[in-house]
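Model, not experiment: these values are computed from the prediction.
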Amino acid sequence: MTQYHPEEIEPKWQKAWADAEVSRVDVANPDGEKYYMLNMFPYPSGDLHVGHGRNYILGDALYRFFRMQGRAALNPMGWDAFGLPAENAAIKKGIHPREGTLRNIENMKRQFGRWGILYDWSKEIASCNESYYKWNQWLFIRLFERGLAYRGKAPVNWCPNDQTVLANEQVIDGRCERCNALVEQRELAQWFLKITDYADRLDAGLDTLEHWPEKVKVMQRNWIGRSVGCDVEFQVPSLGKSIRIFTTRPDTIYGATFMVLAPEHPDVAALLAGNPARAEIETWIESVRNQTNLERQEAGKAGFFTGKTAINPFTNEEIPIWLGNFVLMQYGTGAIMAVPGHDERDFEFATQYKLPIVRVVEGGELPYSDKENGVCVHSPLINGLKYAQALPKMIEEVERRGIGKGMVRYRLRDWLISRQRYWGTPIPMVYCDRCGIVPVPDDQLPVRLPLDVQFTGKRGNPLEHDAGFMNTVCAKCGGAARRETDTMDTFVDSSWYYARYISARDDEKIFDTSLVNRWLPVDQYIGGIEHAILHLLYARFICRTLFDMGLVNFEEPFTRLFNQGVITKEGYKQADTGAWVTLDDVTIDGDVITQTSTGKRLVAEVGKMSKSRFNVVPPDELIARYGADTERVYTLFIAPPEKEAAWSDEGVVGAYRFLGRVWNLGVQAAASGQQADADPRITRKMHQTIHAVTQRMERFEFNTAISALMELSNTLGENPAAANAREAYLALLQMLHPFAPHITEELWQMLGQQGFVLTSKWPVADPALMQEDVVTIAVQVNGKLRGQVEVKHPPQKEEAIAAAKSNDNVAKWIDGKEIVKEVYVPGKLVNIVVRQ
RNA sequence: GCGAAAGUGGCGGAAUUGGCAGACGCGCUGGUCUUAGGAGCCAGUGGCCCAAAGCCGUGUGGGUUCGAGUCCCACCUUUCGCACCA
């Protein structure tokens, strides 16, 4: 009997699919109803492990399923190819970022191929290629023209030793990860995209995303942080001006007993004039300035009285103006009215500094901030009202008096896209002494990244030392000018790539609007939860700007979103130092785990696969031993795909055995054919399985879809020579194909079928044939299971109850007792209730 | 602290609307084939006494119901997200 040799058949079918260009889609003339599915394009880090595989295998299984369902499925892939790691490798190992990146891309493409994943490579894109980043630059200029790209000041992490800007992840405990120097904060002029202009639309749009995980929408909503309230001016007589505050609770304004400003507030200097403690306060302000928000919070609330007062416009009382470390300059106006009776933070501050606390809302213990039930008191204009009525009334009054207006504010800040880095899209702007900031004209795009540069890791961005790049002429006046040396955040690259796939080779325009409108939005987007906020929010933002430019006719780029869970595996670390240990250095003896080389005690910890934990499972070895089909089946069988799942080396064997059994059934069927009589169990099981698997595929229940296929295979194994086994076996191959594409193609061919399984038509279940002719009914007495009876299909109530009562064991429990009630659940259960 | 999700055999996990808890697989036990088995095949496998019968059993405690893993209330644990945003 022929043995199952995955290493022989897998390359064969990978080549056959490639030769037949099975995954290529003609977007202008699709063959069927479009289905655009997309895996988030990866950063080409070089080596994929089985944890990464989950994402891509899942996508490929869906892709194959939808194709077999007759959809024109598009499944493109590309590379998020710019970014810091490649530049770090250039500094550390002397490999040019481009060279390293291209090499990694080649390897990852090879790995995708070995997994049997079908992408339409004719549409491949890599963000580091000119043909892509040219359009990134083009898009940036369009945003600039619309006032959505602007320059502003922002602090950066600066390493004084290396003379360079550091990303947050390069700062470890406040020090440079490379040279260990203390990192400073520096203010630099940088490019921003005005995402805040779209805050309201991005927030409202979330409500239309029915097929997104609730979790992701909540995270985005929190990030946008929409708050409705109003601004109010408080007069400061000693300064002869007013200070503006923002509040979401103008209904509590009668309870505002003091005011607090952020230490960075512009009026602080004037307010401190004449304060005897001024020097001390200024020292404090300086120390707070150097703290991050987190450090401020950990320090606890602190503040100082400025010595000046403001007038509460509703009580007309003088209230003290304080400075406080808990008030943030970046939000609202950097100043608040403090209502300690009805705000926990204000309450804490007031208690600490013995400031007056008054109640203006009745309903509970102070601080009381319940907006649902609280009722206003001591607030002449709104007494007796609840928040819902008091809020509009107070806003109206504030506006009538001309001391403020209703406001909606957001926590969302503008998107800082400047990176003082080489390996990214150059921002296509020029600084001219005469004309100021001038965009590079479209016909001069792309602004190319020079390839011949030195990577030292010192003196900042290599582009700043490249005279050929820096020096240019102004497009407006023709005079000498200097190029922008900042490059773009790679999230810009990924904010619109899903549209570029449709026109990946178009050199004339960013994409073909009519084709993009035909294929987008993406029907199914698949990726990790780590992109729940930034990538997905930026993509939604840029999509809206494209909509406003008339380039697309939809505002939401991704109709359905799926976040796969991570794959974990146990790693081992030293109990005392916490240092991770390689697997080959671990000795396990019952519950005692020791490090072989040192004899130290180790502890096992299950976590995400990563090189630093030495717990990655490389697919190459696994595939060499069991084949890609086994890895695919196991990966999808291991757990529901959205859940975290622990990889088990033993578990893989189960998938391998299953495929081995499917193989043996096929070999048997091909050799002997079917001589025995048709087995009605097989036909029933086949239709039941088709029904179950189809439904489970649609619901992403791959683990139970596979278990249904195992059941069908087990049923076939009980009677492989039945005359109807072949038909059921072919259906099994088709349904197994999305999970195990290679073995199913081989067996399909072995059984003399024409064409690919991939291009065959997904089987359809006949409900009439699913029906069992004998129905097993569970019998309970007083809700406890006491027996089972069989009745003919279709089951009748009277018949079922009569059969139940005549069951020996059941009779034992009801004899001589009064029957109170007989419950019948059609086709499933009888419950006889007797008086005890 | 706030918000969300989840707690089921030794393990991963099944169980549309409340209706036979533990499908499927791993592991384990026994058998079989074998020079050999970390391969294959067959059987068994929630706990309590070997079996039958029975009793117990889905984080804990209550409740609703003929019937609860599923619904309601309170609590415990874990994971994730947010965390001075006025």
Side-chain angles (χ1 to χ4, degrees), chain A residues 1 3 213-216 218-219 221-223 225-227 229 245-250 252 256 260 262 293-294 296-301 324-339 342-346 348-349 369 409-413 529 532-533 565 633-634 637-640 642-658 660-661 664 692 695 699 701 703-714 717 776-788 809 812 819-834:
Chain A
M1 191 200 276
Q3 293 290 309
E214 206 50 44
K215 185 180 179 176
V216 173
V218 168
M219 285 164 77
R221 234 174 240 122
N222 290 341
W223 189 259
R226 185 176 194 271
S227 298
I245 60 99
F246 171 66
T247 179
T248 56
R249 296 297 304 272
T252 63
V260 190
N293 281 354
L294 185 71
R296 290 187 194 194
Q297 213 178 120
E298 284 168 351
K301 288 193 176 48
N325 65 347
F326 69 102
V327 177
L328 306 175
M329 194 59 222
Q330 306 96 299
Y331 185 77
T333 62
I336 63 160
M337 66 173 200
V339 184
H342 306 288
D343 182 285
E344 217 170 297
R345 297 151 304 181
D346 299 348
E348 198 188 318
F349 194 80
S369 54
R409 290 192 185 267
Y410 302 89
R411 294 172 59 175
L412 184 67
R413 312 269 153 82
I529 188 74
I533 299 176
V633 169
Y634 177 65
F637 182 65
I638 185 170
E642 70 281 3
K643 281 187 61 178
E644 185 179 298
W647 185 269
S648 145
D649 293 324
E650 297 80 50
V652 176
V653 178
Y656 183 66
R657 284 184 196 143
F658 166 55
R661 282 195 294 272
N664 291 341
Q695 187 172 289
R699 297 179 183 175
E701 294 166 355
N703 55 329
T704 52
I706 291 169
S707 76
L709 294 172
M710 288 173 168
E711 288 184 47
L712 176 58
S713 140
N714 291 343
T776 306
I777 289 182
V779 185
Q780 298 180 335
V781 178
N782 284 359
K784 296 217 174 206
L785 185 69
R786 299 299 179 194
Q788 293 184 338
N809 199 42
K812 214 168 77 184
I819 293 174
V820 182
K821 193 173 177 180
E822 289 165 348
V823 180
Y824 174 66
V825 180
K828 281 189 177 162
L829 172 139
V830 169
N831 186 12
I832 300 167
V833 185
V834 296

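In this model, the phosphate group of G27(B) is approached by a side-chain N or O of Arg657(A) to a distance below 4.0 Å at OP1 or OP2. For C56(B), one of the phosphate oxygens OP1 or OP2 lies less than 4.0 angstrom from a side-chain nitrogen or oxygen of Lys784(A). The side chain of Arg409(A) contributes no N or O atom lying less than 4.0 Å from OP1 or OP2 of A86(B). Applying the 4.0 Å criterion to OP1 and OP2 of C55(B), one finds that Arg786(A) has a side-chain N or O inside that range. Checking the phosphate oxygens (OP1, OP2) of C24(B), no side-chain nitrogen or oxygen of Asn714(A) falls inside 4.0 Å.
If you check every strand for non-hydrogen atoms under 4.0 Å, Gln780(A) touches a base. Among the heavy atoms of the strands, none lies under 4.0 Å from Ser648(A). Contact annotation for Gln330(A): no contact, since no heavy-atom pair falls under 4.0 Å across all strands. Within the nucleic acid shown, Glu644(A) comes within 4.0 Å of sugar-phosphate atoms alone, with no base atom in reach, counting heavy atoms only. Lys821(A) comes within contact range of at least one nucleobase, with a heavy-atom separation under 4.0 Å. Among the heavy atoms of the strands lying under 4.0 Å from Lys812(A) are primed sugar atoms or P, OP1, OP2 only; no base atom is included. Leu328(A) comes within contact range of at least one nucleobase, with a heavy-atom separation under 4.0 Å. Base contact: Arg296(A) has a heavy atom under 4.0 Å from a base atom. Within 4.0 Å (heavy atoms only), Val327(A) reaches at least one base atom of the nucleic acid. Using a 4.0 Å heavy-atom cutoff across all strands shown, Arg221(A) reaches no nucleic acid atom at all.
For the C1' atoms, the distance linking G22(B) with C56(B) amounts to 15 Å, nearest Å. Between U58(B) and A14(B), the distance separating the two C1' atoms is 12 Å to the nearest Å. Here the separation of A53(B) from U45(B), taken at their P atoms, is 13 Å to the nearest Å. Using atom C1' as the reference point in both G13(B) and G81(B), the two lie 26 Å apart (nearest Å). Separation of the P atoms belonging to U60(B) and C11(B) is 15 Å when rounded to the nearest angstrom. Across C50(B) and G44(B), the matching C1' atoms stand 14 Å from one another, rounded to whole Å.
In this structure, the side chains of Asp343(A) and Ile336(A) stay at 4.5 Å or more apart for every pair of heavy atoms.
Here Arg221(A) pairs with Asp203(A), Leu206(A), Asp207(A), Glu214(A), Lys217(A) under the side chain to side chain contact (heavy atoms under 4.5 Å, CB included) rule; sequence neighbours left out.
In RNA chain B, runs of at least 3 consecutive Watson-Crick or G-U pairs, each pair with both distances below 3.5 Å, span B:1-7 with B:76-82, B:10-12 with B:24-26, B:27-32 with B:40-45, B:46-48 with B:54-56, B:59-63 with B:71-75.
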- Task: Give the intermediate values and the outcome of side chain to side chain contact (heavy atoms under 4.5 Å, CB included) for residues Val339(A) and Thr247(A).
- Result: CA-CA 10 Å; Val339(A) 184; Thr247(A) 179; over 6 Å; no

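The base of C66(B) lies close enough to the side chain of Asn831(A) for a donor and an acceptor atom to sit less than 3.5 Å apart.
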